[in-house]
Protein chains: 2
Amino acid sequence: MEIIELLKSNSLRVTNHRLAVLTYIHQATSALSHSDLESNFKGEIDRVSLYRIINAFIEKNLIKKIIDAEGQKNYIFNAKHNQKEDVNIQPHYKCKTCNDIIELPELPETYLEKIKGLNIDHINVLAEGVCDVCKEEDKK
Amino acid sequence: MEIIELLKSNSLRVTNHRLAVLTYIHQATSALSHSDLESNFKGEIDRVSLYRIINAFIEKNLIKKIIDAEGQKNYIFNAKHNQKEDVNIQPHYKCKTCNDIIELPELPETYLEKIKGLNIDHINVLAEGVCDVCKEEDKK
DNA sequence: ATCGCATTTGCAACAATGTTGCATAAATAA
DNA sequence: TTATTTATGCAACATTGTTGCAAATGCGAT
């Protein structure tokens, strides 16, 4: 199983909890909020352990944290976890209704050129609105 | 005093607390974190009142909220508070050491064109790193 | 100026979110 | 299989944000 390999290759011990959480995030079609995770594993994984598991994954670059306009933390599986070298600049779009988070095209080079004089570790770009699907739902 | 006018024209009662907080945010050279505000007004303004004052300012568009990569809330005076019509897309740069937040150039039209198919209420763009001044300080 | 009403404030209590220390349990290396 | 290291659960605590309500204040009308 590749999730197991992922943990091993990042020198994280393979525990049931870590397997369950990483598999869950991996299979999700969009980003999961912290409360999504907490409610999903309620009664199964201790709240504190969940925090520690998530933080471990973040540190190893296995998942990415996206903070929305309300300050809520959302987590998404990082398919490019092995490319640690490049700055994290992936823009995202989050639907305020269904909470789906999808990737947007990257910022144009012309823009990055403009701001390259600054020392930049990462750039967060998050657009928010109500997606077409949810807008249709609202009409009903 | 223009701060008083600002409050009045936004149908907010002119209280000592509101005057103090808005003046403080207005005079600041960069964004202030919530804890900056809380410690500055400690013993003077109740914690709860401060939350309500800040929220009132946000609602009236007098200040802008910027959430950084750690989920910390930062507030900056909104010089363009009267132009409520346009989508909030002002990019910012935050120094992780001195916490200064400055404005970056706007995203190019070419990029906005690319994503205009989505329903977008606002776009948060926040670059983070250590500014030149702080990098110099570190060397010493 | 002052009266009366609406809004703001402070306080207490609570809810949500996140952290730390430590004993126990589980995973890996030997 | 044992020894060692790491992960987990629990309790306690810290931080951040919210709600209800009584008292104080701001402001328009007299």
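Chain naming here is simple, since letters A, B, ... match the order of the sequence lines and numbering starts at 1 in each.
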So what does [X] touch, heavy atoms closer than 4.0 Å: a base, only the sugar-phosphate, or nothing?
X	value
Ser49(B)	base
Arg18(A)	sugar-phosphate
Lys73(A)	sugar-phosphate
Glu38(B)	nothing

How close or far is atom [atom2] of [N] from atom [atom1] of [X], stated in whole angstroms?
X	N	atom1	atom2	value
Leu19(A)	dT8(D)	CG	C1'	15 Å
Lys60(B)	dT7(C)	NZ	P	11 Å
Gln72(A)	dT17(C)	CD	P	6 Å
Asp46(B)	dG20(D)	CG	P	17 Å
Glu70(A)	dT18(D)	CD	P	11 Å
Tyr51(A)	dC13(D)	OH	C1'	14 Å
Ile67(A)	dG18(C)	CD1	P	9 Å
Asn10(B)	dT8(C)	CG	P	12 Å

Task: Pair of N/O donor and acceptor under 3.5 Å linking dG9(D) base with Arg47(A) side chain - done: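 By the distance-only test, no, there is no pair.
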TODO: State whether His17(B) places a side-chain N or O below 4.0 Å from either non-bridging phosphate oxygen (OP1 or OP2) of dG10(C).
DONE: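 Answer is yes, contact under 4.0 Å.
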TODO: Would you please confirm or rule out a distance under 4.0 Å between OP1 or OP2 of dT9(C) and any side-chain N or O of Thr15(B)?
DONE: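 Indeed, a polar side-chain atom of Thr15(B) lies that close.
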Task: Under 3.5 Å donor-acceptor, Asp68(B) side chain and Glu70(B) backbone - done: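 Yes, because the side chain of Asp68(B) sits within donor-acceptor range (under 3.5 Å) of the backbone of Glu70(B).
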TODO: Mark yes or no for whether Gln72(B), through its side chain, and Ser33(B), through its backbone, hold a donor-acceptor pair below 3.5 Å.
DONE: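 Absent.
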TODO: Among dC11(C), dT7(C), dA11(D), find the nucleotide with the atom closest to the side chain of Val48(A).
DONE: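 For the Val48(A) side chain, the nearest candidate turns out to be dA11(D).
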Open item on the list: From C-beta outward on Arg52(B), which listed nucleotide comes closest to its side chain: dA7(D), dC11(C), dG9(D)?
Closed with: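 Shortest atom-to-atom distance from the side chain points to dC11(C).
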TODO: Using a strict 4.0 Å threshold on nitrogen-to-oxygen distance, state whether Lys94(B) and Asp100(B) make a salt bridge.
DONE: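 No salt bridge links Lys94(B) with Asp100(B).
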Task: Heavy-atom side-chain contact between Leu126(B) and Ile123(A) under 4.5 Å - done: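 A side-chain contact under 4.5 Å is absent here.
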Open item on the list: Go nucleotide by nucleotide along DNA chain C from the 5' end; which of Asn55(A) and Ile45(B) gets its closest nucleotide reached first?
Closed with: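 Of the two residues, Ile45(B) wins.
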Task: Sub-6.0 Å ring centroid separation between Phe41(B) and Tyr24(B) - done: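 Yes, they do, as the ring centres are separated by less than 6.0 Å.
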